[in-house]
Every structure is written in structure tokens, then in C-alpha cells.
Amino acid sequence: MSASAMAVTALLLTACGSGEPVSVERAMAECRDRAIRATRPSAEITIGVGTSGHVASGLVIGVTDDFLVGRDPETVYRDCVVARSGEEPTEPYGA
């Protein structure tokens, strides 16, 4: 493997996090949001006024691949919790 390929691989692994499992409770809290995003697109609207009176605005629309392929939110939640904690969720997604 070339030095540049190794550097890219190292960067990608670093971007994925440490890989250390988190508690099942923390994973469930984090994964509920991912399951919600699997059910619908998200939107963020920003409006601001600068000191010079200049008005700025923006719109960001987010769509996850889980939403695009129509994955079941319960499955997204379960898979996410297991991946993050190494354990099955102690509560279902809809709880």
C-alpha cells in the first residue's frame, strides 16, 4: 500500500471515531434521532441581521440514505444501537 493510500485510510478511520462502544442508554438516545431522520427529510432555516443591517438567510434540507431507500425506522434504530453499543436496545424505538 502506498504512503498516500495509508494516509487516506488513517484519515477515514479517524473520521469514523474511536470505535469504542458507548452505553446502550447513550446509543439509544443517539439512534432515536437517526431513526426519525429515516422517516422524513429535515429542514433548517436561518435568518440573521449583521451589524451593518445586512440581512442573510439560508435553507438547508437534509435527506438520509435510510429515508431514500425506505428503511424501517425500527430496523434503523436497532441496527444503530447494536453498532454503537454492541448490545440490543432495552427499549423499542417507539417507546
Side-chain angles (χ1 to χ4, degrees):
M1 182 180 279
S2 72
S4 61
M6 287 177 23
V8 169
T9 301
L11 280 173
L12 290 173
L13 290 174
T14 302
C16 292
S18 66
E20 292 293 319
V22 298
S23 72
V24 70
E25 291 80 14
R26 180 173 171 188
M28 289 187 315
E30 293 172 359
C31 294
R32 275 193 178 89
D33 184 52
R34 182 169 175 183
I36 289 169
R37 291 190 318 254
T39 65
R40 62 182 180 265
S42 62
E44 179 181 318
I45 299 172
T46 58
I47 300 173
V49 179
T51 55
S52 65
H54 177 75
V55 177
S57 63
L59 171 66
V60 176
I61 298 175
V63 180
T64 66
D65 57 340
D66 293 325
F67 173 76
L68 291 174
V69 297
R71 287 190 70 207
D72 175 48
E74 184 69 43
T75 302
V76 171
Y77 171 73
R78 184 205 161 279
D79 292 350
C80 177
V81 171
V82 170
R84 297 280 293 132
S85 71
E87 299 178 39
E88 292 285 331
T90 58
E91 296 177 4
Y93 161 64

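Numbers here are sequence positions counted from 1. Both backbone and side-chain heavy atoms feed into the values below; hydrogens, waters and symmetry mates do not.
- Within the structure, the disulfide bond (SG atoms under 2.5 Å apart) test picks out the following pairs touching residues 26-88 (sequence neighbours left out): C31-C80.
- E88 and V82 get closest at one heavy-atom pair: OE2-CG2, 3.8 Å.
- When all heavy atoms of P92 and R32 are compared, the pair lying nearest together is O-NH2, 3.8 Å.
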Show me the donor-acceptor pairs, under 3.5 Å and distance only, between side chains in residues 38-60 and residues at least two apart or in other chains.
{"from": "T39", "atom 1": "OG1", "to": "I36", "atom 2": "O", "distance (Å)": "2.6"}
{"from": "T46", "atom 1": "OG1", "to": "G58", "atom 2": "N", "distance (Å)": "3.4"}

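- Considering every non-hydrogen atom in both V24 and P89, the closest pair reads CG2-CA, 4.1 Å.
- Sorted by first then second residue, the salt bridge (charged side-chain N to carboxylate O under 4.0 Å, His left out) pairs that include residues 55-67, not counting sequence neighbours, are R34-D66, D66-R71.
- Partners of E87 by salt bridge (charged side-chain N to carboxylate O under 4.0 Å, His left out), not counting sequence neighbours: none found.
- Qualifying salt bridge (charged side-chain N to carboxylate O under 4.0 Å, His left out) partners for D33, counting only residues two or more places apart in sequence or in other chains: R37.
- Each salt bridge (charged side-chain N to carboxylate O under 4.0 Å, His left out) pair with one or both residues in residues 52-64, not counting sequence neighbours, would appear here, but there are none.
- Residues in residues 21-31 take part in these side-chain hydrogen bond (donor to acceptor under 3.5 Å, both in side chains) pairs, two or more places apart or across chains: R26-E30, E30-R84.
- Shortest non-hydrogen contact noted between S85 and A27 is CB-CB, 3.9 Å.
- Residue pairs meeting the ring-ring contact (aromatic ring centres under 6.0 Å, His included) criterion with at least one partner in residues 62-90, sequence neighbours excluded, are Y77-Y93.
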